[in-house]
Protein chains: 2
Amino acid sequence: MAKATIKDVARVAEVSVKTVSRVLNDEPNVRPVLQDKVHAAVKALDFKRNPLARGLRGQQSFIITLLYSNPNPGYILELQNGALSQCIEQGYNLQIHPCDHNSADLIKSVESITQYSTQDGFILTHPLCDNKELIALLDEKNIPFARISPFVREHDSPYVMSNDEEAAFEMTKYLISLGHTKIGFIKGHPDFGATHKRYKGYQRALENMGLTLDEDYVKQGMFTFETGESCARQLLNQESRPTAIFASNDYMAAAILKVAAQMKINIPADLSVVGYDDAPVSQQIWPSITTVKQPINQMANTVVKKLIKRIKKQPFEEFDTEFDCELIIRNSTSPCS
Amino acid sequence: MAKATIKDVARVAEVSVKTVSRVLNDEPNVRPVLQDKVHAAVKALDFKRNPLARGLRGQQSFIITLLYSNPNPGYILELQNGALSQCIEQGYNLQIHPCDHNSADLIKSVESITQYSTQDGFILTHPLCDNKELIALLDEKNIPFARISPFVREHDSPYVMSNDEEAAFEMTKYLISLGHTKIGFIKGHPDFGATHKRYKGYQRALENMGLTLDEDYVKQGMFTFETGESCARQLLNQESRPTAIFASNDYMAAAILKVAAQMKINIPADLSVVGYDDAPVSQQIWPSITTVKQPINQMANTVVKKLIKRIKKQPFEEFDTEFDCELIIRNSTSPCS
DNA sequence: ACTGTTTTAGACACCGTTATCAATTTGATG
DNA sequence: CATCAAATTGATAACGGTGTCTAAAACAGT
């Protein structure tokens, strides 16, 4: 049985193909009687419109491309899943495009995919969403896009973000509530907007709770295990070492566990450690790491909704922009002894 | 500047559109003079064919769908990247479709994507590639597919696999070469073909090196951290505990580290631990875990090549089928004391 | 030079849908 | 009931390529 076409539906419903098309596209000016006939025929034939033909005629592809450059597989996969489910729901396809945000070829690589296939819109994850060249390219080609967790927000494209500052604030307050006063902090990669928001939340919590920020307790990492390790060594080799360390992501938190093990520092008895992102490793390590979980799936879902509105040139203000994170208390934290 | 079409190229090259099409498709019977003219015009206009139009006319979509149901984000992402790079090279798009191999809706979910969009072929990862219903569905719809690491191989579709048995054999031999004779083994999920191959390699190595397999040293896990933990407890609570444990994946190996830490068993001094898959956690934990790395990227690349050959009804025997794994020695193993 | 065969090139139809526009029906108004 | 506006419908032409088929050109053999 060959796949049914609009013509088949038209024949069965005894109307013209254009009428079928009208019904399928929710266009006005079709009598309910005919609408019912068409719907019945569509159901009877199990008819599905051919996206290729629709795209060709309508100058659109129903393809949304997810651009990412992020070393965290768990995060990416969750993002993909969230975006994908919403795309499917709305009849779009999700094209994935991993790239390297440090590469000089980044722009070229994106440009080439816009040439070899057509896409209705892009989703940019951080740090790509703060890349001016990239945004200029998309603006120039007039391709709609939406952003996830941008740092710079001066652009009229839709975006979503997690409330990282608030989460970091809460996490720091939690550590303080456990009695910690000497709280170290390992910053993330400066290219990421999240880095600054998390640090700000930490700062604000200290201030808010009447503690002073000690520069010696703040180290600059790059979100990798290796940088986390060296920062942890610096923090823990000081004379007056911190009793708690807040790492800007879980990889760096895991590295603290390594350094602590080598230095025979007991976690959480002698040192509390917290991370960020709820990466898989935070559960696969002992002690499991107290961390912050972003509602990635939901954010991805929403950003797709906004992007599709944007593509259709409809307002997208009805959807949420800021999403709250969740503190996940595990075994790497305990009251200060 | 609007995108160039084949008509523009034809006008510039002073030939008919059909001739341009011929040149672009490497069809015979075009004089070199005209070929050059066409190529020059294509270059001058930076012309790219519209895949939608090509697909519509040719009854193909240039879409390959990667179907996976696998809890290991690192593995999936690597797979995606490998498949994607080859797809791009050959002018195909990669559609991703995560699904749950335990779900009763699996077949329905796959069936629905075949209806809402058209795909030229599927790539099935384990354990999906051993799902008879799924294979029956694709066969019935006459959609070509290729498989990655299938257990059952009785199908004429192309596949690739890693030489897991050999790798497990080598890894076990490595442990024996360190002086270990009491080597525990934690099996993986029985639905996965890899589970049996890895166990067989372990068995064969013991036999080969003159050791007898002790059933008490073999536990059934499910590839998860939790099952790894309970298996590790069983193994290590025995009177005569093993001095080395081979876990069928890194998650379960990480769980052994947790249990060992709780039982004050020193790794690697008192217990050597090895895993499988080179998951991110194997490097983000201390001690880092000795493991086996599959050439996933290369396998994905090859399976796409084979699938495209299959789609074009060309022979695919020229490509490799079996891929060798690599032992990665890290810090969780040491000579038996 | 004159066939017959093979290459080479182009005209045209077609893939499945939607946009345009004109034709028809319906409803409203005087 | 005639007249005009609005709502409803369908015929036809696109969208941008490729398949089919035919015509023209090139070549070979008498």
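Reckoned from all heavy atoms, side chains included, excluding hydrogens, waters and symmetry mates. Please read all numbers here as calculations on a predicted model, not as lab measurements. Below, chain A is the first sequence line, B the second, and so on; all start at residue 1.
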| request: Take the protein atom CD of Glu14(B) and the nucleotide atom P of dA9(C), then report the distance between them rounded to whole Å. | output: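 Taking CD of Glu14(B) and P of dA9(C), I get 14 Å after rounding.
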| request: For Lys37(A) and dT9(D), give me the distance from atom NZ to atom C1', rounded to whole Å. | output: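 Lys37(A) atom NZ is separated from dT9(D) atom C1' by 13 Å.
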| said: Please determine whether a side-chain nitrogen or oxygen atom of Asn29(B) lies at a distance below 4.0 Å from atom OP1 or OP2 of dT7(C). | reply: no
| said: Does dG10(C) have its OP1 or OP2 closer than 4.0 Å to a side-chain nitrogen or oxygen of Thr19(B)? | reply: yes
So, [X] versus [Y]: side-chain donor-acceptor pair below 3.5 Å or not?
X	Y	answer
Thr321(A)	Lys306(A)	yes
Asp100(A)	Ser69(A)	no
Ser157(A)	Arg147(A)	yes
Ser85(B)	Asn301(B)	yes

| message | Counting the benzene-type ring for Trp, do Tyr75(B) and His126(B) have ring centres under 6.0 Å apart? | response | yes
| field | Contacts of type ring-ring contact (aromatic ring centres under 6.0 Å, His included), residue Phe145(B), not counting sequence neighbours | value |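 Scan of Phe145(B) (ring-ring contact (aromatic ring centres under 6.0 Å, His included), adjacent residues dropped) gives His155(B).
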| said: Using a 4.0 Å heavy-atom cut-off to protein, can you give one letter per nucleotide of nucleotides 23-28 of chain D, 5' to 3': B if the base is in contact, S if only the sugar-phosphate is, - if neither? | reply: ------
| Quick one: what's the B/S/- string for nucleotides 16-25 of chain C, heavy-atom cutoff under 4.0 Å, read 5' to 3'? | BBBBB-----
| Taking NZ, NE, NH1 and NH2 as the nitrogens, is one of them in Arg310(B) or Asp156(B) under 4.0 Å from a carboxylate oxygen of the other? | yes
| Spacing of NZ belonging to Lys108(A) relative to CD1 belonging to Ile113(A), to within rounding of 0.5 Å |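 CD1 of Ile113(A) is found 15.5 Å from NZ of Lys108(A).
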